[in-house]
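In what follows, a single structure is set out as structure tokens and then discussed.
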Amino acid sequence: MKIVITGGAGFIGSHFIKYLIKKYPRYKIINVDKLTYAGNLKNLKEIKNCKNYRFVKADICNQKIIEKVTEGCDWIVHFAAESHVDRSIKSSGDFVQTNVVGTHVLLEAAVKNCVKKFVHISTDEVYGSRKRGFFTEADNLDPSSPYSASKAASDLLVLSYVKTHKLSAVVTRSSNNFGPNQFPEKIIPLFITRLLKNKKVPLYAKGQNIRDWIFVKDNCRGIDLVLHKGKIGEIYNIAAENYLNNLTLTKKILKKMKKPLSMIKNVKDRPAHDFRYAIDAKKIKKLGFRPRYSFEEGLDLTIDWYCKKK
Ligand code: NAD
């Protein structure tokens with residue numbers, strides 16, 4: 001089994017590669033990553049010399065390289081993306097380029113090279129916000145940021161290739177991931193790394209926004225299930241059902257790091273800040289998915305990791 005993983009030097013992709021190598025030592029893995037600010041080969045230092053692992057530094061928008069690298073591969077798992085909402089508000093060009101054009105290049109290569117399975121990694125943010133209730137995979141997309149709009153566009157492109165070209169593709173949409181190795185721009189690693197430097201943590205909207213958190217290793221197990229058992233053309237929400245508002249989350253981090261509440265600095269909200277993300281995960285549960293990490297356990301592991309790295 002030869003698998004091309006895109007964006008494998010990033011946060012979730014690097015955890016997924018390490019997970020695959022451990023669980024399926026016979027699989028051959030090719031990691032294609034451009035190494036943007038968010039990609040870091042140190043995330044993969046434990047496996048960099050494994051015989052069944054190869055790294056290719058490349059942009060997924062480069063059609064020639066992508067066609068070559070996917071030649072003879074069985075599966076593609078596509079993580080590569082520009083992934084930070086705040087950056088997409090300041091400048092969205094790279095988001096459209098990588099998330100939409102890059103996905104298109106990969107889809108074309110997958111069709112040309114008769115790839116047997118294409119797993120597209122997407123996000124719960126494509127559904128937009130809802131005050132109560134849960135989005136199922138059948139719900140309409142209503143993205144609010146250029147990031148989530150570019151991901152929604154890529155999801156629709158993938159699903160169109162299933163219908164038009166009979167590509168064997170599946171889509172996963174997970175909630176917010178957290179864990180070691182995440183670039184410190186998203187709320188959990190940003191707050192931990194700032195507190196380690198005794199700097200205040202900037203909180204939008206007094207922390208009222210609600211997010212559902214999944215420990216990254218649990219998401220990897222969900223993606224593995226979809227890769228091996230997911231039905232072609234289907235979308236799978238992946239969630240661990242840990243709903244917290246950002247103030248509660250921040251207080252937990254402060255308490256675990258023994259910092260006072262005065263370390264919170266309320267800042268002006270981001271435009272179009274989604275109030276609440278909430279997805280229904282019944283479908284992935286039917287494939288056998290159960291999260292293994294409680295939120296507290298995952299947060300302890302994450303804080304420990306950043307403390308040791310300091
Ligand atoms: P990340 O930003 O940590 O990593 C992205 C990786 O993609 C980096 O290694 C980067 O170098 C690479 N990359 C970016 N542009 C590229 C290009 N043009 N060509 C090749 N490589 C490129 O992202 P992440 O948090 O690991 O997210 C991975 C995927 O999961 C993304 O598709 C994201 O939308 C999705 N997702 C993330 C979360 C989350 O909470 N982090 C939640 C749901 C879904």
Side-chain angles (χ1 to χ4, degrees), residues 4-19 30-44 55-63 65-66 69-70 76-88 93-106 109 119-127 143 145-155 158 171-190 211-220 222-223 226 235-240 242 274 277 279 281 298 302:
V4 168
I5 312 266
T6 72
F11 169 47
I12 310 175
S14 62
H15 279 279
F16 189 67
I17 289 180
K18 287 183 276 190
Y19 169 96
I30 302 171
N31 173 16
V32 181
D33 197 301
K34 184 181 170 182
L35 297 182
T36 66
Y37 75 94
N40 188 347
L41 288 179
K42 282 189 190 149
N43 292 344
L44 295 157
F55 173 65
V56 176
K57 184 173 187 296
D59 188 330
I60 55 162
C61 301
N62 185 324
Q63 188 190 342
I65 299 184
I66 293 302
V69 90
T70 55
I76 295 176
V77 187
H78 174 34
F79 292 90
E82 287 294 334
S83 68
H84 188 44
V85 174
D86 284 351
R87 283 179 191 259
S88 82
D94 285 349
F95 287 75
V96 176
Q97 192 60 24
T98 290
N99 300 1
V100 185
V101 178
T103 301
H104 177 250
V105 169
L106 274 167
V119 180
H120 177 62
I121 308 301
S122 189
T123 164
D124 62 356
E125 299 195 26
V126 296
Y127 297 114
S145 70
Y147 161 65
S148 51
S150 66
K151 291 297 293 186
S154 66
D155 289 17
V158 172
V171 175
T172 71
R173 293 183 181 146
S174 83
S175 53
N176 277 22
N177 284 229
F178 70 106
N181 290 116
Q182 189 169 27
F183 187 80
E185 61 184 354
K186 315 269 165 69
I187 186 167
I188 292 182
L190 177 72
R211 297 291 179 265
D212 174 18
W213 293 97
I214 182 166
F215 190 61
V216 62
K217 292 190 182 187
D218 278 330
N219 188 24
C220 290
I223 295 167
V226 173
I235 300 160
Y236 292 89
N237 289 342
I238 306 180
N242 296 307
D274 284 329
Y277 295 134
I279 48 175
T302 308

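Side chains are part of it too, since the values below use all heavy atoms of this structure and drop only hydrogens, waters and symmetry mates. Every number for a ligand or one of its atoms is a count from 1 in the order of the listing. Each residue takes its place number in the sequence, starting with 1.
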If you compare all heavy atoms of [X] against all heavy atoms of [Y], which two are closest, and at what distance to 0.1 Å?
X	Y	value
Glu185	Arg87	OE1-NE, 2.7 Å
Ser122	Val171	CB-CG1, 4.0 Å
Ser175	Ala240	OG-N, 4.4 Å
Val69	Val56	CG2-CG2, 3.9 Å
Ile60	Ala80	CD1-CB, 4.1 Å
Val85	Ser145	CG1-CB, 3.8 Å

Quick check: [X] and ligand 1, any N/O pair under 3.5 Å apart?
X	answer
Asp124	no
Asn176	no
Cys61	no
Asn40	no
Thr123	no
Lys151	yes
Ser175	no
Lys34	yes

Proximal atoms of ligand 1 relative to [X] (non-hydrogen, under 4.0 Å):
X	value
Thr36	10 (C), 11 (O), 14 (C), 15 (N)
Leu35	11 (O)
Asp59	17 (C), 18 (N), 19 (N)
Ala58	19 (N), 20 (C)

My understanding is that we take every heavy atom of each candidate and find the minimum distance to [atom]. Doing that for [options], which one comes out nearest?
atom	options	result
atom 19 (N) of ligand 1	Thr103, Ile66, Ile60, Asn62	Ile60
atom 40 (O) of ligand 1	Ile188, Ile65, Asn177	Asn177
atom 31 (C) of ligand 1	Phe11, Tyr37, Phe79	Phe79
atom 14 (C) of ligand 1	Ala81, Gly7, Gly39	Ala81

### Task
Mind telling me whether His120 and His78 have parallel, tilted or perpendicular rings, with 30° and 60° as the class edges?
tilted

Any idea which protein heavy atom is nearest [atom], and the distance to it?
atom	value
atom 43 (C) of ligand 1	Ser174 OG, 3.2 Å
atom 44 (C) of ligand 1	Ser122 O, 3.0 Å
atom 4 (O) of ligand 1	Gly10 CA, 3.4 Å
atom 8 (C) of ligand 1	Asp33 OD2, 3.6 Å
atom 38 (C) of ligand 1	Ile12 CD1, 3.7 Å
atom 30 (O) of ligand 1	Ile121 CG2, 3.4 Å
atom 1 (P) of ligand 1	Ser83 OG, 3.6 Å
atom 15 (N) of ligand 1	Thr98 CG2, 3.5 Å

### Task
Determine whether the side chain, the backbone, both or neither of Asp94 has a heavy atom under 4.0 Å from any heavy atom of ligand 1.
neither

### Task
Heavy-atom distances under 4.0 Å are what count here, so tell me which part of Gln97 touches ligand 1: side chain, backbone, both or neither.
neither

Side-chain donor/acceptor of [X] to backbone N/O of [Y], under 3.5 Å:
X	Y	result
Asp212	Asn242	yes
Thr6	Phe79	yes
Ser150	Tyr147	yes
Asn43	Phe11	no
His15	Asp218	no
Asp33	Ala9	yes

### Query
Is it true that atom NZ of Lys217 has more than 12 heavy atoms of other residues, nucleotides or ligands lying nearer than 6.0 Å?
no

### Residue Gln63 excluded, over 12 heavy atoms near CD under 6.0 Å
no

### Query
So, does Gly102 sit close enough to ligand 1 that a heavy atom of it is under 4.0 Å from the ligand?
no

### Task
Examine ligand 1 and decide if any of its atoms is less than 4.0 Å from a heavy atom belonging to Tyr147.
yes

### Query
Within 45 degrees of the axis of the six-membered ring of Phe178 and under 6.0 Å from its centre: does Arg211 put its NZ or CZ there?
no

